[in-house]
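Have a look at the structure below before the remarks.
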Amino acid sequence: RLDAAPPQGAQLTERTTKLASASITGSGWASSSRAGSSSSSSSSVSSSASSASASSISSSSSCSMSSSSSSSSTSTATSHPAMERASTRKRKRRTPADAENRTLARRGEGFRVLCVDDNDVNLLVLRRMLEHDGYEVLFSRSGQQALDCVEREESDPVHVILCDLMMPQMNGLDVVRHLRVRWSPFQLPVLMVTAKHRTSGDLKAGFEAGVNDYLSKPFDREDILCRVNMNCRLAKETRTLLQRAAL
C-alpha cells in the first residue's frame, strides 16, 4: 500500500504545477481581454473622432453653402429689377446723332446719280460721299460719254447729274444745252461743279443754259448731299406727275 501511494512531495509538485498553469492561463486571458478592450476603446475613439470630424466637416460645408447661398441671394437681390432695367435703358439709349445718321443712310435709296468729270480723284470723292448715303452712282469722264449714258439708261433713268464745268472738248455748259433739248430742268436736274471763285457772268451763263444749281470745290459733304437729295425728289415727283398726266 505504501508503494502504490504517490509520495507527498510529488503530490505537492503536481498541485503547484497546476496552480502555475492556471495562473499563467488566467494572466493570458486577462492580457488578451485587456488587448481586446484597448482595441475596442481605440476603435471607439477613432469612430468617435471620425464621426466628430465628419460632423464638423458637414457643418462647415453647410455653413459655407449657406453663406454662399446667402451671398448669392444678396447679390441677386442687389442686381435685381431696378438696376437691370437701368442698365438696359443705358445700353439702348441712342443719341440724336445716331438717329440722324440712320436717316441719312436711307436718304439716297432708290435714286441714281451720274457724275461727270475728267478728274478721277473728284469722281472717287463724289462716289464715296453718295454711296455712303445710299445713292447708286454712275460715272462718265467726258461730256459725250455723259450724253450717251443718259440715252442708254433711259429705261431706268438717272435722277440727277453732277457735271464738272471745265472739261476738254465738251465743257459742262455744252452738256447742259444738249440735255435741255429733250429734258427740262425739272425732269433731269443738273448740278454744275466748279471752282469756289466764280464770277457772276459764269453763274448767269449757267442758269440761262439750264443749270439747276452750283456746287463748289473743295466739296462740302453735307451741302452736296442736301442739294442732291432735293433735286432727286424733284425729278421723281415730276416724272410721276407726267406719267399720271399721260394716262
Side-chain angles (χ1 to χ4, degrees), residues 102-195 198 202-203 205-247:
R102 291 195 302 273
T103 303
L104 291 178
R106 296 190 297 267
R107 186 168 56 181
E109 290 182 358
F111 294 126
R112 310 183 78 201
V113 179
L114 172 62
C115 298
V116 187
D117 202 315
D118 60 330
N119 190 322
D120 291 339
V121 176
N122 292 337
L123 291 176
L124 180 61
V125 173
L126 291 172
R127 175 186 176 183
R128 288 180 176 177
M129 288 183 185
L130 296 169
E131 287 185 346
H132 183 270
D133 213 37
Y135 294 93
E136 181 183 353
V137 183
L138 307 176
F139 302 97
S140 295
R141 289 178 173 81
S142 68
Q144 187 59 50
Q145 287 183 6
L147 296 176
D148 296 339
C149 180
V150 173
E151 294 283 350
R152 185 174 60 251
E153 299 293 332
E154 190 172 3
S155 59
D156 189 8
V158 174
H159 294 88
V160 168
I161 297 177
L162 302 182
C163 186
D164 186 35
L165 177 61
M166 303 301 296
M167 292 186 297
Q169 298 178 359
M170 184 183 293
N171 62 25
L173 295 180
D174 294 334
V175 174
V176 175
R177 293 188 182 98
H178 282 82
L179 292 173
R180 293 297 171 247
V181 173
R182 184 171 178 183
W183 293 280
S184 71
F186 304 104
Q187 293 174 291
L188 184 57
V190 178
L191 307 182
M192 192 64 63
V193 181
T194 184
R198 55 182 181 270
D202 296 333
L203 295 176
F207 287 128
E208 288 178 349
V211 174
N212 292 74
D213 205 350
Y214 277 89
L215 299 175
S216 300
K217 300 177 185 177
F219 300 121
D220 181 273
R221 180 179 181 276
E222 194 57 34
D223 180 52
I224 290 177
L225 295 178
C226 288
R227 293 173 187 268
V228 168
N229 185 259
M230 180 188 67
N231 284 277
C232 282
R233 289 188 284 112
L234 173 64
K236 182 178 180 180
E237 292 296 330
T238 301
R239 294 171 188 176
T240 302
L241 292 174
L242 291 174
Q243 290 175 358
R244 290 177 181 176
L247 297 176

**Report entry** 4.5 Å side-chain heavy-atom contact, V116 and V175
**Finding:** no
In this structure, CG of D202 is separated from CE of M192 (nearest 0.5 Å) by 10.5 Å
**OP:** Kindly determine whether N231 and L191 satisfy side-chain contact (heavy atoms from CB on, under 4.5 Å), including the steps that lead there.
**Re:** CA-CA 9 Å; N231 284 277; L191 307 182; 3.6 Å; yes
For C163 and V190, the nearest pair of non-hydrogen atoms, with its separation, is CB-CG1, 4.3 Å
Residues K217 and D164 bridged, charged N to O under 4.0 Å:
yes
Interatomic distance, CE@M129 vs NE2@H132, rounded to 0.5 Å, equals 11.5 Å
Worksheet item: Is there a side-chain contact between Q144 and Q169, using heavy atoms and a 4.5 Å cut-off?
Response: no
Quick note, salt bridge (charged side-chain N to carboxylate O under 4.0 Å, His left out) partners involving residues 165-176, not counting sequence neighbours, are D174-R177
- Query: Hey, are the side chains of F111 and V160 touching, using non-hydrogen atoms and a 4.5 Å cut-off?
  - Reply: no
Correct closest heavy-atom pair for L188 and I161 would be CD2-CD1, 3.9 Å
Rounded to the nearest 0.5 Å, the OG1 atom of T238 sits from the CZ atom of R233 at a distance of 12.0 Å
Report task. Test side-chain contact (heavy atoms from CB on, under 4.5 Å) on M170 and L147 and set out the steps. Result -> CA-CA 11 Å; M170 184 183 293; L147 296 176; 4.0 Å; yes
Closest non-hydrogen contact found for N212 with P189 is OD1-CA, 3.2 Å
Looking at side-chain heavy atoms only, is the closest gap between L162 and L215 below 4.5 Å? yes
Closest non-hydrogen contact found for R141 with L123 is CG-CD1, 4.0 Å
> How about F207: does its CZ atom have over 12 heavy atoms from other parts shown lying under 6.0 Å from it?
Replying inline: yes
In this structure, CG of L114 is separated from CD of Q145 (nearest 0.5 Å) by 10.0 Å
Flag if over 12 foreign heavy atoms under 6.0 Å of CZ, R180 = yes
Just so I know, are the side chains of F139 and L126 near enough to count as touching, which here means a heavy-atom distance under 4.5 Å? no
| message | Can you confirm whether more than 12 heavy atoms, excluding those of R127, are under 6.0 Å from its CZ atom? | response | no
Practice problem: State, yes or no, whether a side-chain contact exists between L173 and V211 at a heavy-atom distance under 4.5 Å. | Solution: yes
Rounded to the nearest 0.5 Å, the CG atom of L130 sits from the CD1 atom of I224 at a distance of 7.5 Å
Residues R182 and E151: closest non-hydrogen pair is NH1-OE1, 3.1 Å
Taking R227 for its side chain and D213 for its backbone only, find out whether a donor-acceptor pair lies under 3.5 Å. no
Separation between CG (L124) and CG (D117), nearest 0.5 Å, reads 11.5 Å
Check your understanding: Do N229 and D133 touch side chain to side chain, with heavy atoms closer than 4.5 Å?
Key -> no
| said: Is the shortest side-chain heavy-atom distance between Y135 and H159 below 4.5 Å? | reply: no
